[in-house]
Participant: 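Here it is, the structure in full.
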Amino acid sequence: MGDNMQTKNNRMGSLKYLHTHMEVADSYHSIALNNHKSADILLKQGLYNEAAYMYIQAMEKYVDEQICRRVDVINSFYSKQFHNIGHRLDKSIEFLIEIYSGSNITLKEQLKAQLIQNILKGLKFSSIHNNLRYPYYNDKKNDYCFLTYSQKDCIELQQMTDRLIKFLKEIYIRL
């Protein structure tokens with residue numbers, strides 16, 4: 001059996017324990033890079049829904065990285081808040097905006113406009129995320145639907161991801 005195999009509780013892989021919020025942030029960064037690379041490969045292979053899903057995953061991880069760099073997610077207060085966000089890009093963006101803006105309402109509105117409207121084009125990623133992967137029931141039409149992304153759609157997500165990375169780097173330095 002390989003070194004990475006765990007036999008207890010029928011688990012595979014190995015656990016790496018993270019003791020500081022910066023270690024957690026670095027892990028999110030590494031995962032985001034891998035998700036981003038995977039998305040680029042899938043896009044080149046014409047696997048558009050899969051690429052779109054991975055771009056959304058990458059964006060989520062890049063945002064979560066920034067959250068972990070700004071607050072101590074090891075602290076139980078922030079740990080609970082961070083855990084409640086789950087794996088939802090929309091919620092991660094909202095939490096990051098709260099962290100960056102604090103009680104500054106003007107800054108909060110500017111960040112929302114920049115991030116949600118300009119960079120992410122007002123898309124609701126929570127529904128896209130699932131609808132790319134699973135057929136869903138449409139009550140109005142009384143049938144199932146499946147969201148299909150094209151090469152053009154994926155290129156737009158790729159560009160959104162790149163713009164988000166650039167924005168997050170710039171804002172991290174400024175704030």
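Fair warning: this is a prediction, and the values are worked out from it, not measured in the lab.
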Participant: Can you check salt bridge (charged side-chain N to carboxylate O under 4.0 Å, His left out) on Glu156 and Arg163, steps first, answer last?
Facilitator: CA-CA 10 Å; Glu156 180 63 27; Arg163 286 190 303 265; 3.3 Å; yes

Participant: For a quick check under 3.5 Å, do His129 and Gln57 share a side-chain donor-acceptor pair by atom type?
Facilitator: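 Gln57 and His129 do have a side-chain donor-acceptor pair below 3.5 Å.
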
Participant: Using a 4.5 Å cut-off on heavy atoms from C-beta on, say whether the side chain of Asn142 contacts that of Asn138.
Facilitator: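 Of all side-chain heavy-atom pairs linking Asn142 with Asn138, none is under 4.5 Å.
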
Participant: Filter on side chain to side chain donor-acceptor pair (under 3.5 Å), then keep only pairs touching residues 117-128, sequence neighbours left out; what's left?
Facilitator: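 Residue pairs with at least one partner in residues 117-128: Asp90-Ser126, Gln114-Asn118.
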
Participant: Does atom OH (Tyr144) have a neighbourhood of more than 12 heavy atoms from anything else shown, all under 6.0 Å?
Facilitator: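 For Tyr144, atom OH is not crowded (no more than 12 foreign heavy atoms under 6.0 Å).
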
Participant: Do Ile155 and Leu120 belong together in a cluster built from hydrophobic side chains that touch within less than 4.5 Å?
Facilitator: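 Same hydrophobic cluster.
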
Participant: Side chains of His29 and Tyr62: is there a donor and an acceptor less than 3.5 Å apart?
Facilitator: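 No, no side-chain donor-acceptor pair sits under 3.5 Å.
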
Participant: Under a 3.5 Å cutoff, is there a donor and acceptor pairing between the side chains of Asn35 and Ser38?
Facilitator: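 Judged by distance alone, the side chains do not pair up.
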
Participant: Are the side chains of Asp153 and Tyr55 in contact, using a 4.5 Å heavy-atom criterion?
Facilitator: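 In short, these two side chains do not touch, never coming nearer than 4.5 Å.
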
Participant: Within a strict 4.5 Å, meaning less than it, do heavy atoms of the Phe95 and Val63 side chains meet?
Facilitator: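 Side chain of Phe95 against side chain of Val63, heavy atoms only: no contact under 4.5 Å found.
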
Participant: Side-chain contact, heavy-atom cut-off 4.5 Å: Asp162 with His36?
Facilitator: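 Touching, per the 4.5 Å side-chain cut-off.
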
Participant: Mind checking whether Leu96 and Leu168 have side chains closer than 4.5 Å, heavy atoms only?
Facilitator: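 Leu96 vs Leu168: side chains touch.
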
Participant: Between Tyr48 and Gln151, is a side chain to side chain contact (heavy atoms under 4.5 Å, CB included) present by the stated rule, with each step listed?
Facilitator: CA-CA 6 Å; Tyr48 302 128; Gln151 180 182 29; 3.5 Å; yes

Participant: What I'd like to find out is whether the side chain of Asn130 reaches to under 4.5 Å of the side chain of Tyr136, using heavy atoms alone.
Facilitator: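 Of all side-chain heavy-atom pairs linking Tyr136 with Asn130, none is under 4.5 Å.
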
Participant: Listing request: all side chain to side chain donor-acceptor pair (under 3.5 Å) pairs with a residue in residues 18-27, at least two apart in sequence or in separate chains.
Facilitator: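 The answer is Asp26-Arg69.
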
Participant: Enumerate, atom names and distances included, each donor-acceptor pair closer than 3.5 Å involving a side-chain atom of residues 74-82, sequence neighbours excluded.
Facilitator:
from  : atom 1 : to    : atom 2 : distance (Å)
Asn75 : OD1    : Phe77 : N      : 2.8

Participant: Would you say Ile31 and Tyr53 are hydrophobically clustered, going by side-chain heavy atoms of ILVMFWY under 4.5 Å?
Facilitator: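 Ile31 and Tyr53: separate clusters.
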
Participant: Do Asn131 and Phe146 make a side-chain contact, defined as non-hydrogen atoms from C-beta onward lying under 4.5 Å apart?
Facilitator: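 No; the side chains remain at least 4.5 Å from each other.
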
Participant: For residues Ile97 and Leu107: do they belong to one hydrophobic cluster (side chain heavy atoms under 4.5 Å, members Ile, Leu, Val, Met, Phe, Trp, Tyr)?
Facilitator: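 In one cluster with Ile97: Leu107, yes.
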
Participant: Would you call Glu60 and Lys91 a salt bridge, using N to O less than 4.0 angstrom?
Facilitator: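 No, Glu60 and Lys91 are not salt-bridged.
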
Participant: Is there a side-chain contact between Asn49 and Arg133 (heavy atoms, below 4.5 Å)?
Facilitator: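 No, their side chains stay 4.5 Å or more apart.
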
